[in-house]
Amino acid sequence: MSKLAYLGPEGTFSEEALRALAPEAERLPCPNIGAALEAARRGEADGAVVPLENSLEGGITTTLDELAGGEPLLIAAELLLPVRFSLLARPGTELGHIKRVITHNAAHTQCRGFLARELPDAVVIAAASTAGAAQEVSLPGSPYDAAIAAAIAGEHYGLHEVAGGIGDRDDTVTRFVLVRRPGPLPEPTGADRTSLVVFLADDHPGALLEMLTEFAVRGVNLTRIESRPTGNGIGQYFFHFDFEGHVADARVGEAISGLHRVCTDVRFLGSYPRADGVAPQIRRGTADAEFAEAARWLAKVRSGDV
Ligand SMILES: O=C(O)C(=O)Cc1ccccc1
């Protein structure tokens, strides 16, 4: 049985994602996303389940930055988890009493409308996780009045639901990934996604266009592109790419070798089945057979057989 690290304590959305991705796995709760990834890197766990992006606020920057640096990890699977937020407090607390709210930043940013409408004077304090926030509220003498977390966290820590479904949209989805130390890749399924981090060679006009061209001319459809600061000064960025297809596909292999040629560094983050099962539309001239036929033709030309 495998052991998987996740952002704890019990009752986080990450735990829900882990249970859905690997119901049989032993669970190792960690105090933050970085610690969960480190547990996977050091071999204290066989992998980690971490949030990568959500449909309302975009990338979970801690995860993006952690995966771009440190010992390499590969994404082996992904999950799209609908998230529903509740305002949880100690029994007896009413909405009007709530002045200090604690939660994870990703939950805060998705409940801004509710907070502005219902608790305009409340201060919101950041916690490492939603369930960690609920646990804080449950402690005797806690300085916090309420937490924003999953309803299940309320059950774990003896809190009651003051308000449910408080997200700004009721169709918000968070994408979680299961990462492992490098090893054999999942087999292509025909509906796969590949993730990469690309570091530019130098800053020049059209640098982003050059990267995008590697994908465009091979008919590779991007599903996410995100820039993150390198930390080396204003204007210095690296790029996260997610796109359709598996590295075993000729068009994907050619696109990422093209990036490897023209960029300083390309970090491969894995090819894995898409959670939504959507297969790519293969444009004319970009199927594996067409790449193979073109390679045969080139070999003939090079041998003078025209
Ligand atoms: O804190 C949690 O429960 C997490 O797993 C991180 C998170 C927070 C809010 C939305 C999705 C994931």
Side-chain angles (χ1 to χ4, degrees), residues 4-23 25 27-40 45 47-67 73 75 77-89 101-115 124-139 142 144 146-157 159 161 163-179 224 226 240 275:
L4 297 177
Y6 71 100
L7 172 63
E10 271 187 292
T12 57
F13 293 108
S14 300
E15 183 194 347
E16 197 180 335
L18 192 165
R19 285 173 179 272
L21 276 164
R27 293 183 295 281
L28 176 67
C30 297
N32 53 58
I33 290 172
L37 294 172
E38 272 310 303
V49 173
V50 289
L52 192 96
E53 61 170 329
N54 74 66
S55 57
L56 196 56
E57 283 292 323
I60 308 283
T61 52
T62 315
T63 304
L64 297 179
D65 293 349
E66 289 280 346
L67 291 178
L73 289 168
I75 302 173
E78 67 170 17
L79 175 85
L80 301 175
L81 184 78
V83 285
R84 187 176 182 277
F85 299 104
S86 299
L87 186 70
L88 306 169
V101 177
I102 180 166
T103 192
H104 186 274
N105 185 47
H108 178 192
T109 53
Q110 293 176 68
C111 299
R112 276 201 280 247
F114 173 86
L115 290 166
V124 182
I125 295 103
S129 73
T130 55
Q135 193 176 37
E136 281 286 343
V137 173
S138 74
L139 297 176
S142 170
Y144 311 110
I148 297 175
I152 185 108
E155 292 170 27
H156 274 297
Y157 303 106
L159 303 179
E161 188 178 71
I166 64 168
D168 293 343
R169 291 182 61 133
D170 52 19
D171 56 355
T172 313
V173 169
T174 299
R175 181 172 157 235
F176 287 85
V177 289
L178 165 60
V179 297
R224 186 174 64 90
E226 207 146 346
H240 273 266

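Just so you know, ligand 1 is whichever comes first in the structure, and atom 1 is the first atom listed for that ligand. In what follows, residues are counted from 1 in the order of the sequence shown. Atom set for the values below is all heavy atoms of this structure, side chains included, hydrogens, waters and symmetry mates excluded.
- Listed by chain and residue number, nothing satisfies the side-chain hydrogen bond (donor to acceptor under 3.5 Å, both in side chains) test with N54 (two or more places apart in sequence, or in another chain).
- The backbone N or O of L139 sits nowhere less than 3.5 Å from a side-chain atom of S142 that would complete a donor-acceptor pair.
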Would you give me the side-chain donor-acceptor pairs under 3.5 Å for residues 106-113, sequence neighbours excluded?
| unit_1 | atom_1 | unit_2 | atom_2 | d |
| --- | --- | --- | --- | --- |
| T109 | OG1 | N105 | O | 3.2 |
| T109 | OG1 | A106 | O | 3.2 |
| Q110 | NE2 | A106 | O | 2.8 |
| R112 | NH2 | E57 | OE2 | 3.0 |

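- Note that OG of S55 and CG of L80 are 9.0 Å apart. Values are rounded to the nearest 0.5 Å.
- Listed by chain and residue number, E161 satisfy the side-chain hydrogen bond (donor to acceptor under 3.5 Å, both in side chains) test with S86 (two or more places apart in sequence, or in another chain).
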Put together the list of close N/O pairs, under 3.5 Å, between ligand 1 and the protein, could you?
| unit_1 | atom_1 | unit_2 | atom_2 | d |
| --- | --- | --- | --- | --- |
| ligand 1 | 1 (O) | T130 | N | 2.8 |
| ligand 1 | 1 (O) | T130 | OG1 | 3.3 |
| ligand 1 | 3 (O) | F13 | N | 2.9 |
| ligand 1 | 3 (O) | T130 | OG1 | 2.5 |
| ligand 1 | 5 (O) | S14 | N | 2.9 |
| ligand 1 | 5 (O) | S14 | OG | 2.6 |

**Message:** Working note: V137 + L88, criterion side chain to side chain contact (heavy atoms under 4.5 Å, CB included); need CA distance, chi angles, decisive distance, verdict.
**Reply:** CA-CA 8 Å; V137 173; L88 306 169; over 6 Å; no

